[in-house]
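Within every chain, numbering begins at 1; the chains are lettered A, B, ... in the order of the sequence lines, protein sequences first and strands thereafter. Quick caveat: nothing in here was measured; it's all calculated off a predicted structure.
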There are 2 protein chains.
Amino acid sequence: MRLRDETKERTIREKAIEMIVREGFDGLSMQKLAKAAGVSPATIYIYFKDREDLIRQIYYDEMLTMSTETLAGFDPGMHFEEGMRVQWMNRAQYCLKYPLRMHFMEQMRHSPFHEKFQGDARNPFSTAMKTFVLNAIERKELIKLPLEVYWSVAYAPLYQLIKFHQSKAGMPGWGTFVLDEKTLEKTLELVLKALQP
Amino acid sequence: MRLRDETKERTIREKAIEMIVREGFDGLSMQKLAKAAGVSPATIYIYFKDREDLIRQIYYDEMLTMSTETLAGFDPGMHFEEGMRVQWMNRAQYCLKYPLRMHFMEQMRHSPFHEKFQGDARNPFSTAMKTFVLNAIERKELIKLPLEVYWSVAYAPLYQLIKFHQSKAGMPGWGTFVLDEKTLEKTLELVLKALQP
DNA sequence: CAAAAATAAACGAACGTTCTTTTATTTAAA
DNA sequence: TTTAAATAAAAGAACGTTCGTTTATTTTTG
């Protein structure tokens, strides 16, 4: 029995992410990917059922990593301000540490794949988040509002900031933008001001 | 001389948007598009130089429409709260009126096409926005902050709310979410609370 | 040696694009 | 008013290429 070379699978996954980020899903072809990863096209099919399965597996894997890193040091029972700060810093760190993977996820989230794969995903992330919010509302550390409104006000600004940071161009006509810790902290304070009673 | 049938070009554009929204850029093939629009593949090349030019033209056109509708009834000299309200309502109306086009733009914005096409676009939108913000800061109706931070706090929550509204599934494990005017108004008030001195 | 990994080569299908021909419409000479 | 040249739109079929995937074979290793 010959054992699988795990390096091969990792390389395939990494190169796939690179290709998708650089050229979009359009640009991800199995033959080009094989060449980029230094394997035969047929080898890819040992590890992945087909092209869609490849994308799906990368997506799920990244979803899991993201959830795990976002929840590091986080407890749904935390006080609101502390919990928010932990999450903001975790998310920011993740996005800035793995810009490629982040780009991949962003592209994923806005493509038809997202709805296609959504149903299958089971993550402990949502429930933790829900508990955290309900706790905070009950303690009167957070105003009473629908979960979607909370989510939109609490995290959308963070992701937009990160997108500004990562886009080399910045807003057209604006200067370049660098997201430092101070800016992050200041923006978080604005968001907290909006959400606290 | 035979005249162009303008219906043809419009149909091609519409079907292209539909295909991209339903199947992603992956799913947009010239031959399938031709069939969907009821024309010959060669006809598409009368109106568009090539596949990329097709996407680019649809993008620019939609960019323009979006800017125009967002700036309707808006004046950079407006008071902050009123200006924000006008922009929020305009954006929300646009997104809810043209969900397909909105989806197309979202997909566009997160694909490699965005950076590719960005440099060429010239819109009066950015300058109007910049003036509005600087005015508001000077009048002390808006706290002093970088444009990117302002943008992130002021509009990212709105777009996230709209995305929730449009996704049939909602957050996994959450109920369905419908964005009504009251929710919109309440969220805007939260954002204003964050941004006003 | 048994068995799975890995490959090279090839499959039909679909891709973006173009070539050639036909069709519709305007122009203007008869 | 008729008619034919002129021209661009539109179509259909085909181009060579690349696509995702499979088959047949070889290589590696428990």
Check: Centres of the B:Y150 and B:Y155 rings: under 6.0 Å?
Finding: yes
Next item on the list: Give a yes/no on whether any side-chain N or O of A:Y45 is located under 4.0 angstrom from OP1 or OP2 of C:dT7.
Entry: no
Notebook entry, point to check: Is the distance from OP1 or OP2 of C:dA14 to the nearest side-chain N or O of B:S29 less than 4.0 Å?
Noted result: no
Check: Base, sugar-phosphate alone, or nothing: which one does A:L28 contact when heavy atoms must sit under 4.0 Å apart?
Finding: sugar-phosphate
Next item on the list: Grab the CD-P distance between A:E9 and C:dA5 for me, whole Å please.
Entry: 11 Å
Margin query: Mind checking if A:T43 touches a base, just sugar-phosphate, or nothing, with heavy atoms under 4.0 Å?
Written below: base
Item checked: Parallel, tilted or perpendicular: rings of B:H114 and B:Y59 (30°, 60°) -> perpendicular
Margin query: What's the closest nucleotide to the side chain of B:I46 if the choices are D:dC19, C:dA3, D:dA9?
Written below: D:dA9
Notebook entry, point to check: Does a distance-only test, which skips hydrogens and angles, find a donor-acceptor pair under 3.5 Å between the side chain of B:R2 and the base of C:dA24?
Noted result: no
Next item on the list: Taking only the side-chain heavy atoms of A:P41 (C-beta and beyond), determine which of D:dT23, C:dC19, D:dT21 contains the nearest atom.
Entry: D:dT21
Next item on the list: Could you state the atom-to-atom distance from NZ of A:K35 to P of C:dA6 in whole Å?
Entry: 19 Å
Next item on the list: Nearest-nucleotide wise, let me know which of B:K8 and A:K49 is further upstream toward the 5' end of DNA chain D.
Entry: B:K8
Note to self: Rounded to whole Å, please give me the gap between CZ in A:R4 and C1' in C:dA3.
What the structure shows: 13 Å
Next item on the list: Return the value, rounded to whole Å, for the distance between atom CZ of B:F25 and atom P of C:dC15.
Entry: 17 Å
Check: CD1 of B:I44 versus P of D:dG12: gap in Å, rounded?
Finding: 13 Å
Checklist line | Gap between atoms CG and P, on A:D50 and C:dA13 respectively (whole Å) | finding: 19 Å
Margin query: Using the rule given for salt bridge (Lys or Arg N to Asp or Glu O under 4.0 Å), can you reason through A:E6 versus A:R10, listing the C-alpha separation, both sets of side-chain angles and the distance that settles it, and then say yes or no?
Written below: CA-CA 6 Å; A:E6 286 181 33; A:R10 293 212 51 223; over 6 Å; no
Check: When all nucleic acid strands are considered with a 4.0 Å heavy-atom cut-off, which category describes B:F48: base, sugar-phosphate, or nothing?
Finding: nothing
Note to self: The side chain of B:Q31 is closest to which nucleotide in this list: C:dA8, D:dA14, C:dT18?
What the structure shows: D:dA14
Notebook entry, point to check: When you measure from the side chain of B:M30, which nucleotide among D:dC19, D:dT21, C:dT17 comes out closest?
Noted result: C:dT17
Margin query: Is there a side-chain contact between B:Y47 and the phosphate of D:dA9, meaning an N or O under 4.0 Å from OP1 or OP2?
Written below: no
Margin query: Could you tell me how far apart B:I12 (CD1) and D:dA10 (C1') are, to the nearest whole angstrom?
Written below: 11 Å
Note to self: Any donor-acceptor pair under 3.5 Å linking the side-chain atoms of B:R4 with those of B:Y47?
What the structure shows: no
Next item on the list: Hey, can you tell me if B:H110 and A:H110 have their rings parallel, tilted or perpendicular (30° and 60° cut-offs)?
Entry: parallel
Next item on the list: Mind calculating the distance between CG (B:D26) and P (D:dC19) to the nearest angstrom?
Entry: 12 Å
